[in-house]
Amino acid sequence: MPTYKSDFMRAMDARGYIHQCSDAQALDAGANDAMITGYIGYDCTAPSLHVGNLISIMMLRKFQQSGHKPIVLMGGGTTKVGDPSGKDDARKLLDEAQIAQNMDNIKRVFSRFLDFGEAGNGAIMVNNDTWLKDINYIDFLRDYGRHFSINRMLSFDSVKLRLDREQPLSFLEFNYMILQAYDFLELSRVHGCTLQMGGSDQWGNIINGIELGRRVDSTSLFGLTTALLTTSSGAKMGKTAQGAVWLNDDMLSVYDYWQFWRNTEDNDVGRFLRLFTELSEKEIVDLENLEGQELNFAKKVLATRATSLAHGEDAAQKAYQTSMETFETGSSSAGLPSIGVSASELAQGIGLLQAFVMAGLATSNSEARRHIKGSAARVNDQVVNDEKTVLTSGNLGSDGTIKLSIGKKRHVLLRQK
């Protein structure tokens with residue numbers, strides 16, 4: 001095991017973030033001697049980032065807490081091309097209005113994790129469309145294209161895995177790694193950025209940027225990646241049967257976010273406490289050594305601490321309290337996720353299948369029907385077996401809501417507007 005001198009690399013190592021590093025010894029020495037600048041890029045392919053992105057956000061947070069300057073790079077330009085990494089098919093191309101809207105939504109999450117400001121090690125946010133949109137194609141090929149080896153690029157996982165699966169890779173996508181390399185060069189020139197971080201699927205793209213900086217500007221640049229997380233059972237981190245675990249609360253309620261962490265697999269508790277909370281090592285060891293039912297306490301701590309970082313302490317405590325009321329006292333809590341329905345809709349009656357789809361507890365009528373046939377569907381905590389049931393104002397409780405549930409852990413309130 002390497003012994004690091006810098007606070008940053010010690011933290012990365014101790015908390016389990018490090019998967020690959022281009023030159024760990026030199027990076028450690030540089031981070032120990034002075035403040036350095038590093039970045040991570042985020043393309044704007046959806047209206048929110050998800051839990052799979054959270055580990056990289058935490059890396060930026062640890063980087064800043066160690067005294068260094070983080071750059072959040074918004075991929076306004078690269079989103080127009082689409083990153084082929086980890087994909088069998090080309091990403092859907094978005095127009096500029098969609099990209100801009102997604103970017104505005106994504107930006108909001110970072111203020112919870114980073115302190116922004118131009119001075120000192122304050123974080124900054126930049127958009128690579130600023131420099132990519134004005135590139136002259138012929139000049140760019142002449143000045144930078146000659147530094148990239150097709151043979152080498154074909155060996156990178158982001159390309160090789162797609163070709164091995166005999167899936168087409170467009171020339172547009174093939175250019176993505178060149179543009180990402182140029183991003184690193186641009187950030188090096190303008191902001192003195194010497195470190196790019198990201199997931200292990202970005203390793204080839206990061207190495208390209210390091211080599212471009214060396215060849216064009218004789219600059220020493222570094223790359224650091226973290227492993228793409230899976231759960232102990234092999235599931236992809238941040239993916240559930242209900243879809244992605246979004247970081248924006250308008251895409252996923254704070255309560256559901258808290259529940260995601262509460263449902264962590266037993267074998268992942270210690271690892272996730274290190275990666276996604278700021279508890280001390282001693283506190284984490286004490287929690288991960290709990291056994292049996294007591295381990296549920298550690299999961300609640302994980303859920304509350306992780307939710308506090310993403311949504312604030314008050315929202316996390318409210319989600320915790322809602323969970324306790326729902327599961328431990330059996331009461332219906334006003335803090336559960338809810339959707340509004342009008343009095344006229346209830347007067348006409350809402351079919352049970354439609355209600356579960358409206359509430360996001362099923363993706364289709366057929367899925368809702370399967371839940372009902374399996375006795376997993378409940379209305380106001382009572383099992384319903386008739387898919388032809390119609391919900392009306394007569395189903396409203398004293399609080400003006402109808403509680404819909406799938407199993408013991410998924411609940412949504414229909415609230416009369």
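All values below were derived from every heavy atom in this structure, side-chain atoms included, with hydrogens, water molecules and symmetry-related copies excluded. Every value quoted in this text rests on a predicted model; they were computed, and no experiment measured them.
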task = Using the side chain to side chain contact (heavy atoms under 4.5 Å, CB included) rule, take M324 and K300 through it: C-alpha gap first, then chi angles, then the decisive distance, then the call.
result = CA-CA 10 Å; M324 295 305 98; K300 293 173 187 176; 3.9 Å; yes

ask   = Between Q259 and D256, is a side chain to side chain donor-acceptor pair (under 3.5 Å) present by the stated rule, with each step listed?
value = CA-CA 5 Å; Q259 281 295 324; D256 285 330; over 6 Å; no

request  = Decide yes or no on side chain to side chain contact (heavy atoms under 4.5 Å, CB included) for W131 and L187, but give the supporting numbers first.
outcome  = CA-CA 10 Å; W131 54 85; L187 292 174; 3.8 Å; yes

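The closest donor-acceptor contact from the side chain of H68 to the backbone of I36 lies under 3.5 Å. At least one donor-acceptor pair under 3.5 Å links the side chain of N136 to the backbone N or O of I138. Not a single donor-acceptor pair under 3.5 Å links the side chain of S188 to the backbone N or O of G192. Judged by distance alone, the side chain of S22 and the main-chain N or O of G223 form a donor-acceptor pair under 3.5 Å. Not a single donor-acceptor pair under 3.5 Å links the side chain of Q101 to the backbone N or O of Q98. Side-chain N or O atoms of T277 include none that pairs as donor or acceptor with a backbone N or O of R305 at under 3.5 Å. In this structure, the side chain of S323 does not engage the main chain of A319 through any donor-acceptor pair within 3.5 Å. Under a 3.5 Å cut-off, the side chain of N248 and the backbone N or O of N105 do form a donor-acceptor pair. Of the possible polar contacts, none joining the D249 side chain to the V254 backbone as a donor-acceptor pair under 3.5 Å is found.
Evaluation of the ring-ring contact (aromatic ring centres under 6.0 Å, His included) rule for Y17 yields no partner, not counting sequence neighbours. With sequence neighbours excluded, no residue forms a salt bridge (charged side-chain N to carboxylate O under 4.0 Å, His left out) with D23. The ring-ring contact (aromatic ring centres under 6.0 Å, His included) test applied to F8 returns F63, not counting sequence neighbours. Judged as a ring-ring contact (aromatic ring centres under 6.0 Å, His included), and not counting sequence neighbours, F116 has no contacts. Judged as a side chain to side chain contact (heavy atoms under 4.5 Å, CB included), and not counting sequence neighbours, the contacts of N289 are V285. With sequence neighbours left out, D28 forms a salt bridge (charged side-chain N to carboxylate O under 4.0 Å, His left out) with no residue at all. In this structure, F113 has no ring-ring contact (aromatic ring centres under 6.0 Å, His included) partners at least two apart in sequence or on a different chain. For the salt bridge (charged side-chain N to carboxylate O under 4.0 Å, His left out) test, residues two or more places apart in sequence or in another chain that qualify with R142 are D139. With sequence neighbours excluded, the residues that form a salt bridge (charged side-chain N to carboxylate O under 4.0 Å, His left out) with R108 are D250.
Using a cutoff of 4.0 Å between basic side-chain nitrogens and carboxylate oxygens, R271 and D268 are scored as salt-bridged.
Within a 6.0 Å radius of CD in E265, more than 12 heavy atoms belonging to other residues, nucleotides or ligands are found.
Aromatic ring orientation, F272 versus F276: perpendicular (interplanar angle above 60°, classes split at 30° and 60°).
Within the structure, salt bridge (Lys or Arg N to Asp or Glu O under 4.0 Å) pairs that include any residue of residues 207-226 comprise R152-E211, R189-D217, E211-R215 (at least two apart or interchain). Listed by first then second residue, pairs satisfying salt bridge (Lys or Arg N to Asp or Glu O under 4.0 Å) with a partner in residues 62-80 read K80-E96, K80-D129, not counting sequence neighbours. For residues 276-296, the salt bridge (Lys or Arg N to Asp or Glu O under 4.0 Å) pairs, not counting sequence neighbours, are R61-E278, R274-E281, R274-E288, K282-D286.
By the 4.5 Å heavy-atom criterion applied to side chains, D115 and Q64 are counted as neighbours. You'll find the side chain of I71 stays beyond 4.5 Å of the side chain of L60, heavy atoms only.
Aromatic ring centres of F356 and H371 lie farther apart than the 6.0 Å criterion allows.
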